[in-house]
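One structure is given here, and the rest of the page talks about it.
For clarity, every value in this text was computed on a predicted model and none was experimentally measured.
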Amino acid sequence: MIIVMLQFYSATPAPDMHEMATALRGWGHRVLVATPDRQGDLCFDEAGLETARIPGPQRTLARIARFIPISGLARRLAQFVFMIRIRAHLDTLRPDIVQVNPTMLSFLLPIYRRNQYVYLLDVRQAGEVAGNNFLGRFKNWRTVLKHRLNAHFFYHHACFASEAAAERILGPLWPRWATIHRVGQDPSFLSYQWPEGRPPMKTGPVRFVYIGTISRVRQLELLLAAIRQVTASRQDFSVDFIGPDTASGHYQRLIDDWGLESIVRFLQPVPYARVAETVAAYDVAIAYVPPVPDWQYQPTLKVLEYRALGIPILASDNAANRPIIQVGVNGLMVDHTQGSIAEGLIRFLADRDLLARISDQARRYRQGRTWADSAKEYLDLVYTPILQEIERLT
């Protein structure tokens, strides 16, 4: 079959679609993955070869700006043109499956095409990141409504990474319209071999690591404030933040102002193939996420990778993490408050027997699935059954 995967949310997305595409190609399917570049153009990739480039909405917006002021209406008009161009290119490919990580006006893609191709709504990032004031709650409600309408009326089927996310969008009857597909992990996390006889951390500083983009949207101020609170009573730890800095040095300036230079470091990102061995050099991995809906209902890739690796995890307590973290077994969970995060850090520092026990149990408890496992699940539970049902009805 011919499968096209469209992801719009980032020029540097999580590797899930590309990795699943590799597995599906190995089973004889033709798969193209479309991802925006840094200019917003949508680039179609087939096994590492760019086969097409669709001009992004920013290019249309620049032309529109010559005639009308930039506004919400102008942006929607540019996005409308973008969707029409994508539809036209899909018509040249004539795929069996179009799998869409949604964006603005993505409901336009399946209109008058449902009888030709199967359209799947693949909600990995719901887009609920607005604030908790009235305007923020309204924007989040609108986002949920948009996904719900897409799943009910425009797309053939919806896919989510967790039950909590599916229920958030579709309500308790979500199995009528959707299936759950757990996120895969790179095999390097599952196959990593811990050194034999590595001694438990009984003395010396405890080394924490946070891996991810250093961005303002992640609200790292709360985590840094908790670290600052801990330094008032303890200095026997360090925290390394590893990832690209998109906050223009904001957090580095913050730790300079707070005098945390001896405890906190911001380090450059490492190649993805080296993330597992990099994390394994630390004692505890921090899986902190901000208290916004997008991170509350679907697990981050990092927390799944840490469980697969078998390293103790200090994680935010939310619906997405609770099935992954067994408190006291492979990690600890903390509330979204400075005091709770500080308490979690201190527990690992003050009770070295607890840290040693969780370290041992986390390695024995490690579990996960590869991207090939995820691809096989999509193939068996969604692609093939829906195509067979459509063939039966026609």
Side-chain angles (χ1 to χ4, degrees), residues 1-9 13-35 44 46 86 90 93-103 106-107 109-111 113-126 146-185 297-299 301 304 320 323 368-394:
M1 67 181 69
I2 301 174
I3 304 164
V4 176
M5 299 178 175
L6 304 176
Q7 52 187 9
F8 297 98
Y9 69 94
D16 46 0
M17 284 190 170
H18 282 283
E19 294 290 345
M20 288 194 297
T22 298
L24 289 163
R25 290 187 193 111
W27 300 325
H29 304 286
R30 184 186 178 195
V31 188
L32 298 95
V33 180
T35 304
F44 284 74
E46 185 172 1
I86 295 171
L90 290 174
L93 297 172
R94 302 199 63 79
D96 299 290
I97 302 289
V98 181
Q99 188 165 330
V100 183
N101 189 287
T103 187
S106 53
F107 72 90
L109 293 174
I111 290 180
R113 294 295 188 276
R114 280 174 54 93
N115 294 331
Q116 300 177 38
Y117 325 126
V118 171
Y119 277 85
L120 303 179
L121 184 72
D122 197 359
V123 184
R124 298 298 179 98
Q125 298 79 25
K146 175 185 68 176
H147 295 321
R148 187 176 300 159
L149 292 174
N150 272 332
H152 283 184
F153 301 110
F154 295 101
Y155 285 74
H156 290 87
H157 187 79
C159 304
F160 295 89
S162 71
E163 289 89 349
E167 185 164 353
R168 168 75 174 173
I169 301 298
L170 300 177
L173 298 179
W174 64 263
R176 294 175 58 184
W177 302 281
T179 48
I180 306 304
H181 303 271
R182 312 294 178 187
V183 176
Q185 295 91 63
Y297 297 100
Q298 297 201 155
L301 176 59
L304 295 169
R369 61 193 316 202
T370 66
W371 292 114
D373 295 332
S374 295
K376 187 68 164 57
E377 187 177 78
Y378 274 99
L379 186 64
D380 291 345
L381 298 185
V382 184
Y383 302 166
T384 301
I386 291 179
L387 285 173
Q388 288 176 342
E389 179 64 15
I390 290 176
E391 184 177 350
R392 185 185 67 81
L393 293 175
T394 55

Check whether any side-chain heavy atom of [X] sits under 4.5 Å from a side-chain heavy atom of [Y], and report yes or no.
X	Y	answer
Thr179	His157	yes
Arg148	Trp177	no
His18	Gln7	yes

Is there a donor-acceptor pair closer than 3.5 Å between any side-chain N or O of [X] and the backbone N or O of [Y]?
X	Y	value
Thr103	Ser106	no
Arg30	Met1	no
Thr384	Leu379	yes
Arg369	Gly184	no
Asn101	Phe8	no
Ser162	Ile180	no
Gln185	Val183	yes

Of all heavy-atom pairs between [X] and [Y], which one has the smallest distance, and what is that distance?
X	Y	answer
His147	Pro102	CE1-CG, 3.5 Å
Tyr117	Val98	CB-CG2, 4.3 Å
Val31	Arg25	O-NH2, 2.8 Å
Ile2	Leu93	CD1-O, 4.0 Å

Geometric class of the His181/Tyr378 ring pair [parallel <30°, tilted 30-60°, perpendicular >60°]: parallel
Determine the interplanar angle of the Tyr119 and His156 rings, folded into 0 to 90°, and report it as parallel if under 30°, tilted if 30 to 60°, perpendicular if over 60°. parallel
Rounded at 0.5 Å granularity, tell me how far [atom1] in [X] sits from [atom2] in [Y].
X	Y	atom1	atom2	value
Ile3	Gln99	CD1	CD	8.0 Å
Trp174	Ile169	CH2	CD1	13.0 Å
Glu377	Arg182	CD	CZ	8.5 Å
Tyr383	Leu120	OH	CG	6.5 Å
Leu24	Glu19	CG	CD	11.5 Å
Leu121	Phe160	CG	CZ	6.5 Å

Run Leu387 and Ile97 through side chain to side chain contact (heavy atoms under 4.5 Å, CB included) and show every step you take. CA-CA 9 Å; Leu387 285 173; Ile97 302 289; 4.1 Å; yes
Considering the options Thr35, Val33, Leu109, which one meets the side-chain contact (heavy atoms from CB on, under 4.5 Å) requirement together with Leu6? Leu109
Between Asp122 and Met17, is the side chain to side chain contact (heavy atoms under 4.5 Å, CB included) condition met? List the steps. CA-CA 10 Å; Asp122 197 359; Met17 284 190 170; 3.9 Å; yes
Would you check, one step at a time, whether the test side chain to side chain contact (heavy atoms under 4.5 Å, CB included) holds for Phe107 with Leu149? CA-CA 9 Å; Phe107 72 90; Leu149 292 174; over 6 Å; no
So does Asn115 have more than 12 non-hydrogen atoms from other groups sitting under 6.0 Å from CG? no
